[in-house]
Each structure stands twice: as C-alpha cells, then as structure tokens.
Amino acid sequence: HRDKKRDNEKVKEKEKAKEKERDQDKEKERNWDKEKERERDKERHRDKDKEKDQEKERHKDQERVRVKERDRDRDKDKEKNKEKEKEKDREEVDQNKEKYDVMKEGEKDREKIKDKEGEKNRREKGDKEKEKDEKKEKKEQEREKERDDKKKKEKRSRTPPRSYSSSRRSRSSSR
C-alpha cells in the first residue's frame, strides 16, 4: 500500500514537473513573442524616422530651389530695369538732338530771311558784292553741312552698335 502511495506521489510530482515545464515553455514563448514584437516596433520606428528625414530633405531641397528661382527672377528684373534706363537715356538723347535740330532749323530760317533782305541790298550795291555774298553763303552752307556731318558722326559714335538680331529685324521689316 505504501508503494502505491509512493508511486502516486511520484506520478503527481512528475505531472507537476511537466506542468511546470509547460508553463515555463509558454512563458519563454510569450517572452520570445514580446521580444519579436519589440524588434518589429523598433524597425517600424526606424522606417518612420527615415521617412521623416527624407521628407525634411525634400522640403529643404524645394526651399533651395525656390530661393534660387527668386534670386534669378530678381536678377532678371534688375536687368530689365537697366535696359529700361538705357532706353530712357537713348530717348532723352534723341529728344535733345531733335530740339537742337529744331533750334538750328530756326536759325537757318532767320539767316535765309536775312539773306533775302541782304539780296535786295546787294542788287543795289552791285554784282561784285553779290558774288562775294554768294561765296560767303556757300562757305557758310558748307560749314553747316560739315557741322551737321560731324554731329551725325558723333551721334553714331555715341549710340552703341546694334545687335545682329535687331539689325536683321529692322532689315526684314523694311522689305
């Protein structure tokens, strides 16, 4: 009877040991699952961090591009303003030249009137004086022509040479 009891106790102990071992195995499995889950979470966080970093870099790149474009636009505007200023200066020079030409024209008209009055007087004075006056008038006209030619040359030298494309444009429009 004692042996039976002892055998029963041994069987119970073995069962308890097996139960304990099963519990330990389950615990190990649970711990292993938790560890795997932690690793997956870490991996996910790493991926998210990488995405955030990439997004930040993209934003920085876009900002750099925007700044470059803004600077380029600003430079273009400066260039346009310089061109406008040059054009205004050219127009101003042209206007001054026109005013000067009109003034000269007025002087010539006055001289012609004086010359006509002088002609009447010359008729009275005689042919010799007429010839002298005509020679003077010719010389004066030649001097004025030379002055005009000089002014034209000066104007040409002051105006910058035209670009190839603009001269072609003017040629094609005159056809």
Side-chain angles (χ1 to χ4, degrees), residues 1-108 144-175:
H1 194 74
R2 275 189 198 155
D3 288 339
K4 237 186 188 181
K5 221 177 189 183
R6 230 184 273 143
D7 286 342
N8 270 345
E9 283 177 15
K10 279 183 181 178
V11 168
K12 280 183 182 177
E13 280 178 22
K14 279 183 182 177
E15 283 179 17
K16 276 185 183 178
K18 280 183 181 177
E19 187 70 33
K20 198 173 186 182
E21 203 176 295
R22 262 187 253 125
D23 287 347
Q24 284 177 343
D25 285 348
K26 283 182 181 177
E27 187 64 31
K28 278 182 185 176
E29 200 173 310
R30 259 187 251 121
N31 286 341
W32 190 77
D33 286 347
K34 283 181 184 176
E35 190 59 36
K36 267 206 159 177
E37 188 61 35
R38 261 190 240 116
E39 283 296 319
R40 270 182 281 183
D41 285 350
K42 279 183 185 177
E43 191 64 34
R44 252 186 258 125
H45 285 301
R46 243 183 262 125
D47 290 347
K48 282 182 182 178
D49 288 347
K50 276 184 184 175
E51 282 181 29
K52 282 182 183 177
D53 289 346
Q54 286 174 344
E55 190 65 28
K56 282 181 184 176
E57 275 303 310
R58 268 196 301 271
H59 283 301
K60 282 181 184 177
D61 290 346
Q62 288 172 347
E63 185 59 30
R64 280 189 214 110
V65 167
R66 263 187 246 120
V67 167
K68 280 183 182 176
E69 286 176 351
R70 191 174 54 224
D71 290 348
R72 195 178 330 111
D73 289 347
R74 198 178 302 133
D75 290 347
K76 282 181 182 176
D77 289 345
K78 282 182 183 177
E79 201 60 37
K80 282 180 184 175
N81 287 339
K82 282 181 184 177
E83 283 299 317
K84 285 180 183 176
E85 284 296 318
K86 284 181 183 177
E87 189 60 33
K88 279 183 183 176
D89 290 346
R90 280 189 212 115
E91 286 175 10
E92 200 173 303
V93 166
D94 289 348
Q95 286 175 353
N96 289 340
K97 174 78 171 104
E98 285 176 29
K99 286 179 186 175
Y100 183 77
D101 289 347
V102 167
M103 254 177 36
K104 276 291 181 186
E105 199 69 33
E107 286 178 18
K108 284 181 185 176
E144 280 185 31
K145 188 180 178 190
E146 286 174 5
R147 271 189 243 129
D148 287 348
D149 290 346
K150 272 187 184 177
K151 286 175 191 164
K152 284 180 185 175
K153 280 185 182 178
E154 282 177 20
K155 184 184 179 198
R156 259 188 248 124
S157 66
R158 271 185 276 151
T159 56
R162 288 193 174 148
S163 68
Y164 178 73
S165 60
S166 68
S167 63
R168 283 189 62 179
R169 222 180 299 119
S170 65
R171 268 190 263 134
S172 64
S173 65
S174 65
R175 283 186 209 148

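When reading the values below, keep in mind they use all heavy atoms of this one structure, side chains included, and skip hydrogens, waters and symmetry mates.
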Exercise. Given side chain to side chain contact (heavy atoms under 4.5 Å, CB included), test Arg70 with Arg74 step by step and report yes or no.
Key: CA-CA 6 Å; Arg70 191 174 54 224; Arg74 198 178 302 133; 3.7 Å; yes

Would you check if [X] and [Y] make a side-chain contact, meaning some heavy-atom pair closer than 4.5 Å?
| X | Y | answer |
| --- | --- | --- |
| Glu87 | Glu91 | yes |
| Lys36 | Arg40 | yes |
| Arg64 | Lys60 | yes |
| Arg30 | Glu27 | yes |
| Glu85 | Asn81 | no |
| Lys151 | Lys104 | yes |

Can you tell me how far apart [atom1] ([X]) and [atom2] ([Y]) are? Round to the nearest 0.5 Å.
| X | Y | atom1 | atom2 | value |
| --- | --- | --- | --- | --- |
| Asp61 | Arg66 | CG | CZ | 11.0 Å |
| Lys68 | Arg72 | NZ | CZ | 8.5 Å |
| Arg58 | Asp53 | CZ | CG | 11.0 Å |
| Glu51 | Asp49 | CD | CG | 9.5 Å |
| Glu69 | Lys76 | CD | NZ | 9.5 Å |
| Glu29 | Asp33 | CD | CG | 5.5 Å |

Exercise. Apply side chain to side chain contact (heavy atoms under 4.5 Å, CB included) to the pair Lys97 and Asp101, showing each step before the final yes or no.
Key: CA-CA 6 Å; Lys97 174 78 171 104; Asp101 289 347; 2.8 Å; yes

Tell me whether [X] is salt-bridged to [Y], with the criterion being a basic N under 4.0 Å from an acidic carboxylate O.
| X | Y | value |
| --- | --- | --- |
| Glu37 | Arg44 | yes |
| Glu19 | Arg22 | yes |
| Asp149 | Lys145 | no |
| Lys18 | Glu21 | no |

Quiz item: Does the pair Arg46 and Glu43 meet the rule for a salt bridge (charged side-chain N to carboxylate O under 4.0 Å, His left out), with working shown?
Solution: CA-CA 5 Å; Arg46 243 183 262 125; Glu43 191 64 34; 2.6 Å; yes

Exercise. Dump the intermediate steps for side chain to side chain donor-acceptor pair (under 3.5 Å) on His59 and Glu63, then the final yes or no.
Key: CA-CA 6 Å; His59 283 301; Glu63 185 59 30; over 6 Å; no

